[in-house]
Amino acid sequence: MYLRQQKQLAERIRAALRSLYQIADETVVLEQPPELAFGEYATPIAFELARRLRKPPRKIAEEIVAALGSVPGFASLELAGAGYINARLDRGSFVQSFAASAEVPAPDRPIHALVEHTSINPNKAAHIGHLRNAILGDTFVRLLRAAGHKVDVQNYIDNTGVQVADVVVGLMHLEDLTLASVEELMDELAEDGERIDFYCWDLYARVSQWYDADPAEAPARRKLRLDTLHAIEAGGNDTAHIAELVSTAILRRHLETMLRIDIEYDLLPRESEILHLHFWDLAFEQLKAKGVLYLETEGRNKGCWVMKRAGSEGSTSLEEESRSGSPVPPVPPVRPAPDEDAKVIVRSNGTVTYVGKDIAYHLWKFGLLGRDFAYRRFFSYRDRECWISAVTGEPDHPHFGGAQAIYNVIDSRQSDPQANVIEALRGLGYTEQAAHYTHFSYEMVALTPRCALELGYDVSPEDQARPYIEVSGRKGFGVKADDLIDKLVAATRAEVDSRHPELSEAERDATAHAIAVGALRYFMLRFTRNSVIAFDFKDALSFEGETGPYLQYAVVRTRSIFRKAGSTPEEALAALSGVDVAPYLSGPGAEGIWEVWLRAAKTTLLLDQCIQTAEPAYLAKHAFQLAQDFSNFYRLHHILSEEDPVRKKLLLATAAVTQRELIRSLAWLGIGAPEVM
RNA sequence: GGGCGAGUAGCUCAAUUGGAUAGAGCACCGGCCUUCUAAGCCGGGGGUUGUGGGUUCGAUUCCCGCCUCGCCUACCA
């Protein structure tokens, strides 16, 4: 609603600029003034035009205001300060129409997007870093879907990598297990209710240490690791079977963990199929044909197929930039020395690197490879089926891949390889696809030294001096996702038990779970993407202040009001129709009411911004502010005892609109709103 | 060496992407449960936005230099 009025006002101003100054297509910046007293919108456009028009800003602002006359939906336009143009909404009609409709406007161009997130190596338990990844990704999926886009959710599984080999080495050589005894072990773990991913968490750390524990043995152990990896890649042997068995069991555990916080997937593409279906061969042909790859004949990369590194001199992206800038005299493409900095895609022994496989995979994502996976059903959700890639699959399956836009939720450390994949796409001439390839980058979750000590880890003095310490699966250093969720659920459950003994066991379970998920998801979403989260249990287990439970609590308060009023939010909003509430929306004592409506009306604007910037934190912050505005309103206006019937209708509708916008904002953040708490 | 990111209140983070008096939460101090749920609310203290310049009506935001911190930069896989 706020967004709609903003667009209308901007269009009016553009029209005025055209007729007054013959200026076309000027972008009109509209923002909210620092104080409500200045109005709901402000534009500094007069400042920007002052130089071009050789007129004082205030004079320009005057002319624009005069030319605009009256704008529908607005009470007044005025100039302020040295040249701001402030606009005041017609509050009565704004509230009327926002109460009546909460539609998210259909997108100008609906897209078929593919979001990839989670992508945990299937060799150990998920940790808090993976939670941030999955929560960011899942929230972004919800935002895209809310805006009317079609989204496929993928969780890429690197099931043939060296990390999986490490766990297999541990099972076979540290634990002396065979295929049969690994199967037994898994049954035992299942019977005892133990988690295989937890078991492997410790085993993986042990193996990593074991490799270098004895310098004399190190080379042999390294070779063992490599042989194991090759056996897994080749397939059709016991080693590969063990890898398959364990990695699949761990994968299932990861899906269960993520389901605890309401995260689901459509497809699990695996590296094993990318390998066995020879995706790379097709990509290699394209890359050679277009000259993206060339065979290095000199220097340290002699005998390798290499690619210009993204961002390096002569890479496509830089060429485009220089083309759009001032004309640069063409430099003849001489290559006096080999490009030592080039990225190796195919090694001199003929094997392909990770980036190579990733290029092939991304060609598939855009439907440009000319080959598809086969698919099998893998995991069932309440109303969705999760599929997994296969060499031979089920005859009937949904269509995957061929997306128009992709979002890869991968931490910022991977920005270099991601840039190389994009560079390859661009080099192949797929500029449109490259432009719609988003590395949805975020910073890691690290532990504060205090938290690490609490958990009983040895922390070196220099690490203790740092603000945070990076988690490491290899060292077994970190906080497991399930452990954190368990703690959250235990804490919320204890709280719910003491507050609501009248509820049934199942109700208390459900409430505690909803609050725990709210706390966790909000915690991961309140930080902007490129801020490192220094994890601490004190902050993560907090339910006060800027937290998920605070938002849920605001909803619960609105629910309580309607319960006592014997009415519903829908009725309260409908009751506003035809009632003139304008007198109650301004003047002393009314600003708090209007603030709630204005904030609530911004929800779709925030949805828009979050998608444009790929930054879910903005919506999280917005929902918090709406809850704060409501708390302020709640204190100042007692609804149920209000005696003026018209005013009471407005107050009830204010609670209703808060509830409506909070509940859907929370839903987009993947957070439920309990009945009581 | 090169690339990316960061430096804002005691701590953890924001700042509508160049706008009006830089805001929240935590922590601390004081107050509010016999009117709709106190997981709440109100009040208070707390800032030379790392630093030096530049661009302009206007800079936490953009440009350059410097300082500090983190990550990335293997024919490992």
Side-chain angles (χ1 to χ4, degrees), chain A residues 29-35 38 42-44 46-48 50-51 56-57 80-84 158 160-163 165 222 225-226 229-230 233 296 300-304 306 309-312 341 343-349 351 353-354 411-417 419 441 443-444 446 448 466-468 470 492 495 499 515 519 526-528 530-534 536 538-539 542-550 552-554 556-565 602 605-606 609 612-613 617-618 621-622 624-625 628 631-632 634-642 651 655 676-677:
Chain A
V29 175
L30 280 173
E31 58 208 12
Q32 193 176 340
E35 277 177 60
F38 296 147
T43 178
F47 294 111
E48 287 161 33
R51 169 162 290 200
Y84 278 99
D158 186 358
T160 55
V162 68
Q163 327 78 14
R222 293 274 160 188
R225 181 196 206 195
L226 205 59
L229 177 66
H230 291 151
E233 283 177 352
E296 183 58 80
R300 67 171 187 188
N301 293 334
K302 186 176 177 182
C304 298
V306 301
R309 195 173 286 272
S312 67
D341 189 44
K343 178 74 198 161
V344 172
I345 303 297
V346 181
R347 304 185 188 95
S348 54
N349 67 6
T351 57
T353 60
Y354 194 85
D411 73 69
S412 60
R413 288 170 291 194
Q414 300 285 338
S415 67
D416 202 49
S441 158
E443 271 292 347
M444 62 184 168
T448 61
R466 296 178 202 274
Y468 53 82
E470 188 176 355
T492 51
E495 204 60 39
R499 286 168 193 245
I515 298 168
R526 50 182 276 235
F527 303 91
T528 50
N530 53 11
S531 151
V532 175
I533 298 181
D536 198 314
K538 182 176 79 63
D539 299 332
S542 164
F543 307 134
E544 290 166 15
E546 195 186 344
T547 64
Y550 177 92
Q552 293 170 315
Y553 191 71
V556 164
R557 279 177 151 177
T558 63
R559 290 200 200 278
S560 180
I561 291 167
F562 288 103
R563 220 169 10 246
K564 291 254 162 86
K602 283 185 178 175
L605 170 71
L606 267 296
Q609 279 179 0
Q612 292 308 316
T613 55
Y618 297 150
K621 186 67 88 182
H622 167 75
F624 172 66
Q625 286 168 335
Q628 270 190 325
S631 289
N632 182 44
Y634 183 87
R635 171 178 63 94
L636 292 173
H637 307 281
H638 199 270
I639 300 170
L640 298 180
S641 62
E642 176 60 45
L651 296 181
V676 297
M677 64 186 278

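Below, read A as the first sequence line, B as the second, and so on, with proteins coming before strands; counting in each chain starts at 1.
In this structure rU21(B) sits in the anti conformation; its chi angle is more than 90° from 0. More than 90° away from 0 lies the glycosidic angle of rC67(B), which makes this nucleotide anti.
Put simply, CD on Glu31(A) is 9 Å from C1' on rG18(B), counting in whole angstrom units. The distance between atom NZ of Lys302(A) and atom C1' of rA74(B), rounded to the nearest whole Å, is 20 Å. Atom CD of Gln32(A) is separated from atom C1' of rG19(B) by 14 Å (rounded to the nearest Å). As rounded to whole Å, 14 Å separates atom C1' of rU35(B) from atom CG of Leu651(A). Atom-to-atom, CD of Glu443(A) to P of rU12(B) comes out at 15 Å; the value is rounded to the nearest Å. Protein atom NE2 of His622(A) is 16 Å distant from nucleotide atom P of rU16(B), rounded to whole Å. Atom CZ in Phe527(A) sits roughly 10 Å away from atom P in rU12(B) (whole-Å rounding). Atom CD of Gln628(A) and atom P of rG40(B) are 11 Å apart (whole Å).
The side chain of Arg347(A) contributes an N or O atom lying less than 4.0 Å from OP1 or OP2 of rC76(B). Here Asn349(A) does not reach the OP1 or OP2 of rC75(B): none of its side-chain N or O atoms lies under 4.0 Å away. One finds no side-chain N or O of Gln414(A) lying less than 4.0 angstrom from the OP1 or OP2 phosphate oxygen of rC4(B). A sub-4.0 Å separation between OP1 or OP2 of rU17(B) and a side-chain N or O of Tyr618(A) is absent. In this model, the phosphate group of rA24(B) is not approached by any side-chain N or O of Arg526(A) to a distance below 4.0 Å at OP1 or OP2. Checking the phosphate oxygens (OP1, OP2) of rG40(B), no side-chain nitrogen or oxygen of Arg557(A) falls inside 4.0 Å. The side chain of Arg635(A) places no N or O atom within less than 4.0 Å of a non-bridging phosphate oxygen (OP1 or OP2) of rG40(B).
Where RNA chain B pairs in unbroken runs of 3 or more (Watson-Crick or G-U, both distances under 3.5 Å), the stems are B:1-7 with B:67-73, B:10-13 with B:23-26, B:28-32 with B:40-44, B:50-54 with B:62-66.
Note on Pro57(A): nothing from the nucleic acid sits closer than 4.0 angstrom, heavy atoms only. If you check every strand for non-hydrogen atoms under 4.0 Å, Tyr634(A) touches a base. Counting non-hydrogen atoms under 4.0 angstrom, Thr353(A) reaches nothing in the nucleic acid. Using a 4.0 Å heavy-atom distance criterion, Val676(A) is classed as a base contact. Nucleic acid contact class of His230(A) (heavy atoms, under 4.0 Å, all strands): none. Using a 4.0 Å heavy-atom distance criterion, Ala655(A) is classed as making no nucleic acid contact. Nucleic acid contact for Glu35(A): base, since at least one base atom lies under 4.0 Å from a heavy atom of the residue. Ser531(A) comes within contact range of the sugar-phosphate backbone alone, with a heavy-atom separation under 4.0 Å but no base atom that close. Residue contacts shown for Arg499(A) include a base, since a base heavy atom lies under 4.0 Å away. Within 4.0 Å (heavy atoms only), Asp416(A) reaches sugar-phosphate atoms of the nucleic acid but no base atom. At the heavy-atom level, Leu606(A) lies nowhere under 4.0 Å from the strands shown. Among the protein residues, Arg300(A) comes within range of the nucleic acid bases, having at least one heavy atom under 4.0 Å from a base atom. Leu229(A) comes within 4.0 angstrom of sugar-phosphate atoms only, judged by non-hydrogen atoms across all strands, and of no base. Glu233(A) comes within contact range of the sugar-phosphate backbone alone, with a heavy-atom separation under 4.0 Å but no base atom that close.
Where Lys538(A) and Ala42(A) meet RNA chain B, the nucleotide closest to each residue was compared, and Ala42(A) sits on the side nearer the 5' end. Residue Pro34(A) is the one, among Thr351(A) and Pro34(A), whose nearest nucleotide of RNA chain B lies closer to the 5' end (criterion: closest heavy atom).
Taking 4.5 Å as the limit, every side-chain heavy atom of Asp416(A) sits out of range of all side-chain heavy atoms of Lys343(A). Phe543(A) is not listed as a side-chain neighbour of Glu495(A), based on a closest heavy-atom distance of 4.5 Å or more. Between Met444(A) and Glu470(A) there is a side-chain heavy-atom pair separated by less than 4.5 Å. Side-chain contact between Gln609(A) and Gln612(A): absent, with no pair of heavy atoms (C-beta onward) separated by less than 4.5 Å. Residues Thr448(A) and Lys538(A) are not in side-chain contact: their nearest non-hydrogen atoms beyond the backbone lie 4.5 Å or more apart. Side-chain contact between Arg347(A) and Thr353(A) is present, with heavy atoms from C-beta onward closer than 4.5 Å.
Taking the side chain of Arg51(A) as heavy atoms from C-beta on, and the options rG25(B), rU56(B), rG5(B), the nearest nucleotide is rU56(B). Of the candidate nucleotides rC36(B), rA20(B), rG19(B), rC36(B) has the atom lying nearest to any side-chain atom of Lys564(A). Of the candidates rC75(B), rA38(B), rU35(B), rC75(B) carries the atom nearest the Val344(A) side chain, counting heavy atoms from C-beta on. Each of rG25(B), rG19(B), rG40(B) was ranked by its minimum atom distance to the side chain of Phe624(A); first place goes to rG25(B). Ranking rG70(B), rC75(B), rC36(B) by closeness to the Ile639(A) side chain, first place goes to rC36(B). In the set rU73(B), rC71(B), rG19(B), rC71(B) carries the atom at the smallest distance from any side-chain atom of Glu470(A). The side chain of Pro44(A) lies closest to rG19(B) when the candidates are rG19(B), rA39(B), rG70(B).
No more than 12 heavy atoms of other residues, nucleotides or ligands sit less than 6.0 Å from atom CZ of Arg51(A).
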| request: Starting from the C-alpha separation in whole Å, work towards a yes-or-no answer on salt bridge (charged side-chain N to carboxylate O under 4.0 Å, His left out) for Arg413(A) and Asp411(A). | output: CA-CA 6 Å; Arg413(A) 288 170 291 194; Asp411(A) 73 69; 3.0 Å; yes
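Taking atom P on both nucleotides, rA15(B) is separated from rA20(B) by 14 Å, rounded to a whole Å. Separation of the P atoms belonging to rG3(B) and rA74(B) is 15 Å when rounded to the nearest angstrom. Between rC71(B) and rC57(B), the two P atoms lie 42 Å apart (nearest whole Å). Between the C1' atoms of rG45(B) and rG7(B), the separation comes to 25 Å (whole Å). Nucleotides rG40(B) and rG50(B) are separated by 32 Å at their P atoms, to the nearest Å. Comparing the P positions of rU56(B) and rU61(B) gives a spacing of 16 Å, expressed to the nearest Å.
Ring pair Tyr550(A)/Phe624(A) is tilted by interplanar angle, where 30° to 60° counts as tilted.
A donor-acceptor contact under 3.5 angstrom links the side chains of Glu443(A) and Ser412(A), judged on distance only.
Between the side-chain ring of Tyr84(A) and the base of rA20(B), a stacking contact exists by the 5.5 Å and 30° definition. No aromatic stack links Tyr550(A) and the base of rG40(B), using centre distance under 5.5 Å and interplanar angle under 30°.
Side chain Ser348(A) to base rC75(B): a donor-acceptor pair is found below 3.5 Å.
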